[in-house]
2 protein chains.
Amino acid sequence: MPNNQFKRGELYSVINGMASTAVARRLQKNFRQAGLEITIEQWSVLYHLWKEDCLSQQELCNRTFRDKPSITRLIDNLEKQKLVKRTASKEDRRINLVCLTETAKGLQDLTIDLANQTMSEALIGVNKEEIETVKSVFQRVYDNLT
Amino acid sequence: MPNNQFKRGELYSVINGMASTAVARRLQKNFRQAGLEITIEQWSVLYHLWKEDCLSQQELCNRTFRDKPSITRLIDNLEKQKLVKRTASKEDRRINLVCLTETAKGLQDLTIDLANQTMSEALIGVNKEEIETVKSVFQRVYDNLT
DNA sequence: GGCATATAGTTAGTTATGCAACTAATTTCA
DNA sequence: TGAAATTAGTTGCATAACTAACTATATGCC
């Protein structure tokens, strides 16, 4: 493996460590300062529903890379906050369609602005090619492992 | 911000999403298949102690990018499994020095092999320059936010 | 039709994370 | 010297993650 010589565990720390934690914390902080009561995990679910509303829980699992119990409880909490609603599908009664409420629709622009602003802060001094490299590497890593 | 034009939230998903989750899950799975009962979070603490033994909890916070309660509880669990031991420092009695047991020392080679092997699987088709770019970008992101 | 199998979602138990509030030991400095 | 501020670590509370085991509905096949 000529390309993959690296120090013990170091790369694991890179991919799973400091940067993603720091970004997550900053985004959460920016949400809180804007008076938003949602977690970034909840936001990531809403994000996919803003792109396409009324997805099944299984589809949300696939798109957010979470397992089923995680999605069940995220939806539980989002439903408590009246941001989404479960509706049984008429074609297949095993399926819950998760749809946005009007309240949630109203949060879209603000939270996406905050996410963009957070990423702008995070990426000061990083150029477009580097971003493309990171995205492309991460895609290959994901594909290698799934 | 000429360098930072990107689609809504997309980059957030890249940095916090699929790749790191996939690597973490694979590493955990490889530990389990080798009969190791430790979590990747516990491993990441042990990893820093293998590099330098008997660190304070605060120093472990800095090196693992975790907050103090997280380290307190990770050490609690590692102590239950008899992998580390807390010892009050003689110079400053506020400080707990966290030291490896012989059992933990014996796990070093195996777990680091498993981590390296996992990262090799993950990085098939990724070259050295790309890895360096990812590391460098993540370092700058971290510095920007802290 | 009816049994085996697969799929969608939930529940229970353990570990981990973040924040806020707390105790105890140490340092600062007037 | 002694009160105020700082530092190290712990505890309580809420959310989230993974695994395994579970219910309910749908599908496949004889």
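First the proteins, then the strands, lettered A, B, ... as listed; each starts at 1.
- Contact annotation: B:N77 side-chain N/O to C:dT14 OP1/OP2 distance is not under 4.0 Å.
- Residue B:L83 contributes atom CG, which lies 15 Å from atom C1' of C:dT15 at whole-angstrom precision.
- Look at CD on A:Q81: it is 11 Å from C1' on D:dT15, rounded to the nearest Å.
- As rounded to whole Å, 13 Å separates atom C1' of C:dG18 from atom CZ of B:R66.
- By the side-chain hydrogen bond (donor to acceptor under 3.5 Å, both in side chains) test, B:R140 pairs with A:E130, B:S136, sequence neighbours left out.
- Within the nucleic acid shown, A:D76 has no heavy atom closer than 4.0 Å to any nucleic acid atom.
- When rounded to the nearest whole Å, the span between CG of B:L55 and P of D:dG9 equals 11 Å.
- Between B:F65 and B:F138, the distance separating the two ring centers is not shorter than 6.0 angstrom.
- Residue contacts shown for A:T72 include a base, since a base heavy atom lies under 4.0 Å away.
- The side chain to side chain contact (heavy atoms under 4.5 Å, CB included) test applied to A:R93 returns no partner, not counting sequence neighbours.
- Among pairs with a residue in residues 94-106 of chain B, those fulfilling salt bridge (Lys or Arg N to Asp or Glu O under 4.0 Å) read B:D92-B:R94, B:E102-B:K105, at least two apart in sequence or across chains.
- Residues forming a side chain to side chain contact (heavy atoms under 4.5 Å, CB included) with A:T111 (at least two apart in sequence, or on another chain): A:F31, A:L36, A:I38, A:W43, A:W50, A:L107.
- Rounded to an integer number of Å, the gap from CD of B:Q58 to P of D:dT10 is 11 Å.
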B/S/- contact track for nucleotides 19-28 of chain D, protein heavy atom under 4.0 Å: BB----BS--

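- Atom CD1 of B:I71 is separated from atom C1' of C:dT17 by 11 Å (rounded to the nearest Å).
- Between the C1' atom of D:dC18 and the CG atom of B:L27 lies a distance of 14 Å, rounded to the nearest Å.
- For B:R32, the side chain to side chain contact (heavy atoms under 4.5 Å, CB included) test picks out B:Q28, B:K29, with sequence neighbours left out.
- If you take CD of B:E59 and P of D:dT7, they are 15 Å apart, rounded to a whole angstrom.
- Of the candidate nucleotides C:dG9, C:dA16, D:dA16, C:dA16 has the atom lying nearest to any side-chain atom of B:T39.
- The closest side-chain heavy-atom distance from B:Q57 to B:V98 is below 4.5 Å.
- OP1 or OP2 of D:dA16 has at least one side-chain nitrogen or oxygen of A:Q42 nearer than 4.0 Å.
- The residue among A:L97 and B:S70 whose nearest nucleotide of DNA chain C lies closer to the 5′ end is A:L97.
- If you check every strand for non-hydrogen atoms under 4.0 Å, A:L74 touches sugar and phosphate atoms only.
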